[in-house]
Amino acid sequence: MRITHVALRTLELPLVAPFTTSFSTQTHRRVLVLELHAHIDGVEVVGWGECGALSEPVYSEEYTAGVIDVMTTYLFPMLFEAQRTTPLTAETVAHHLERIVGHRMAKAAVEMAVLDAQLRAAGTSFADYLGVTRESVPSGVSIGIQGSIPQLLDVVQGYLDAGYVRLKLKIKPGWDLDPVRAVREAHPDTPLQVDANAAYTLVDANHLAKLDEFNLLLIEQPLGEDDMRQHAELATRMRTPMCLDESVVSATKAADAIAMGAAQIINIKPSRVGGYLEARRIHDLARSHGIAVWCGGMLETGIGRAANAALAGMPGFTLPGDISASDRFYAEDITEPFVIEDGFLAIPREPGLARVPDAGRLEAATVETLRVDA
Ligand code: OSB
Ligand code: MG
């Protein structure tokens with residue numbers, strides 16, 4: 001393929017309710033969408049990509065404005081240079097961008113747009129590309145920190161009424177044992193897990209072990225991104241299975257985590273690990289070690305939600321993901337919305353990896369567009 005130009009669109013989408021984690025409260029999602037124009041075998045194709053980075057560097061070091069900078073200064077010029085001499089494919093994008101250290105969410109979005117264009121030109125769905133045979137995936141929901149326990153119980157009831165099959169509660173010091181106990185007492189049999197987004201240290205081990213009595217599926221990333229060894233230590237001090245999110249930024253880190261006993265379960269987020277192809281490698285690695293994986297989310301629009309749903313159809317994704325319906329975050333998605341049916345989301349089978357946004361809704365949500373020509 002030959003890229004002719006790319007439009008980098010910054011969108012601002014209001015959330016249906018504020019989303020609070022141990023690191024921030026979000027009321028809007030400022031998200032970068034890539035519209036990549038290319039020629040493939042003489043045919044003009046558009047590929048769509050979505051970047052997982054948040055507007056501030058509070059989940060990882062990446063943030064929207066920084067992503068735009070690294071894409072325009074380095075990533076696209078490097079791809080444009082590479083395509084002068086080598087045919088560009090999605091499978092070679094990571095190689096062409098290898099010289100740039102880190103910036104995985106930026107690279108993931110670029111690879112995503114290229115792969116989407118490639119699959120569209122071939123008339124292949126992402127599910128078929130991955131060899132996914134399942135038709136749908138179970139839908140879990142990530143529930144932010146609430147103002148009070150009664151409020152939390154209300155929110156939980158709403159999601160259960162909507163059909164979600166698994167709940168994930170965000171926790172932080174001061175919002176952990178009591179809210180988890182309240183939800184567990186109200187819903188003794190509901191699959192339940194917690195996510196601390198790195199808010200604790202190993203000093204809190206005895207406190208965190210008190211979560212063991214609530215029969216949780218897992219505890220996600222209690223300690224810092226760099227605390228791989230400490231997670232391994234904590235895993236020996238509590239019965240709840242240890243799951244890593246932030247710490248696993250590559251297949252190499254996944255292998256380290258597995259070897260060290262730092263993760264019994266891995267949250268795979270394609271954006272965090274540099275793209276869907278690396279995500280697939282982590283899936284394959286984990287599966288060969290008997291380590292369960294599930295698909296995490298970054299409040300994706302329908303563009304990224306489509307790709308996540310297909311990825312989560314792979315056989316090692318044995319736990320429900322944070323792949324909720326569009327209306328979990330957005331009153332109006334920019335694509336045809338994803339809906340939950342009997343607790344499941346259908347895996348898209350149209351050509352391409354992303355779901356194509358509606359032109360009018362995309363335009364209405366766009367606050368800034370930057371065009372980069374090859
Ligand atoms: O830790 O999984 C996380 C959202 C933003 C940043 C980090 C996380 C999350 C979520 C939401 O938990 C997952 C979703 O998109 O539904
Ligand atoms: Mg997480």
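When a ligand or atom number is given, it counts from 1 through the structure's own listing order.
Close N/O approach between Leu54 and ligand 1 is not found [any backbone or side-chain N/O within under 3.5 Å]. For Lys269, a nitrogen or oxygen atom sits less than 3.5 Å from a nitrogen or oxygen atom of ligand 1, counting backbone and side chain alike. Residue Asp195 has at least one nitrogen or oxygen atom sitting less than 3.5 Å from a nitrogen or oxygen atom of ligand 1, judged on distance alone. For ligand 1, the polar-atom distance check against Lys168 finds a nitrogen or oxygen pair separated by under 3.5 Å. The shortest N or O to N or O distance between Asn197 and ligand 1 is under 3.5 Å.
Which parts of ligand 1 touch Tyr59 is read off a 4.0 Å heavy-atom cut-off, strictly below it: atoms 6 (C), 7 (C). Residue contact check: Asp245 has heavy atoms under 4.0 Å from atoms 1 (O), 2 (O), 3 (C) of ligand 1. For ligand 1, the atoms lying closer than 4.0 Å to a non-hydrogen atom of Lys170 are 1 (O), 2 (O), 3 (C), 8 (C), 9 (C), 10 (C), 12 (O). Set against the non-hydrogen atoms of Met298, the atoms of ligand 1 under 4.0 Å away are 5 (C), 6 (C), 7 (C), 15 (O). The Phe23 neighbourhood of ligand 1 comprises atoms 6 (C), with distances under 4.0 Å to a heavy atom of that residue.
Distances shorter than 4.0 angstrom occur between a heavy atom of Glu220 and an atom of ligand 1. Using a non-hydrogen distance threshold of 4.0 Å, Arg328 does not register as a contact of ligand 1.
Between the side chains of Asp116 and Tyr276, not a single donor N or O lies within less than 3.5 Å of an accepting N or O. Donor-acceptor pairing under 3.5 Å is lacking for the side chains of Glu246 and Ser60. Residues Glu50 and Thr301 bring a donor and an acceptor atom of their side chains to less than 3.5 Å of each other.
Relative to atom 9 (C) of ligand 1, the option among Ser142, Ala198, Gly304, Gly297 with the closest non-hydrogen atom is Gly297.
Annotation: cation-pi pair Arg328/Tyr164 absent, no NZ/CZ under 6.0 Å from the ring centroid and within 45° of its normal.
Here the side chain of Arg371 pairs no donor or acceptor atom with the backbone of His5 at under 3.5 angstrom. Remark: the backbone N or O of Leu79 is not paired with any side-chain donor or acceptor of His96 at under 3.5 angstrom.
Around the Mg ion (ligand 2), the protein atoms of type N, O or S that sit closer than 2.8 Å are Asp195 OD2, Glu220 OE2, Asp245 OD2.
When all heavy atoms of Met242 and Ala262 are compared, the closest pair comes out as CG-O, 3.2 Å. Closest approach of Ile347 to Ala310, counting heavy atoms only: CG2-CA, 3.7 Å.
Side chains of Leu299 and Leu15 form a contact here, defined as non-hydrogen atoms less than 4.5 Å apart. For the pair Asn267 and Leu244, the minimum side-chain heavy-atom distance is 4.5 Å or more.
Shortest contact from atom 16 (O) of ligand 1 to any protein heavy atom: Phe329 CE1, 3.3 Å. Here the heavy atom of the protein found nearest to atom 15 (O) of ligand 1 is Leu299 N, 2.8 Å.
In this structure, Phe329 and Phe19 have perpendicular ring planes: the angle between them is above 60°, well past the 30° mark.
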>> Go through it in stages, so that I can follow the logic: the residues are Phe338 and Asn308, the test is side-chain contact (heavy atoms from CB on, under 4.5 Å), and I'd like the CA-CA distance, side-chain angles, deciding distance and then a yes or no.
In response: CA-CA 12 Å; Phe338 278 85; Asn308 288 350; over 6 Å; no
>> salt bridge (Lys or Arg N to Asp or Glu O under 4.0 Å) for Arg281 and Asp284? Distances and angles first, verdict last.
In response: CA-CA 5 Å; Arg281 282 190 280 275; Asp284 295 349; over 6 Å; no
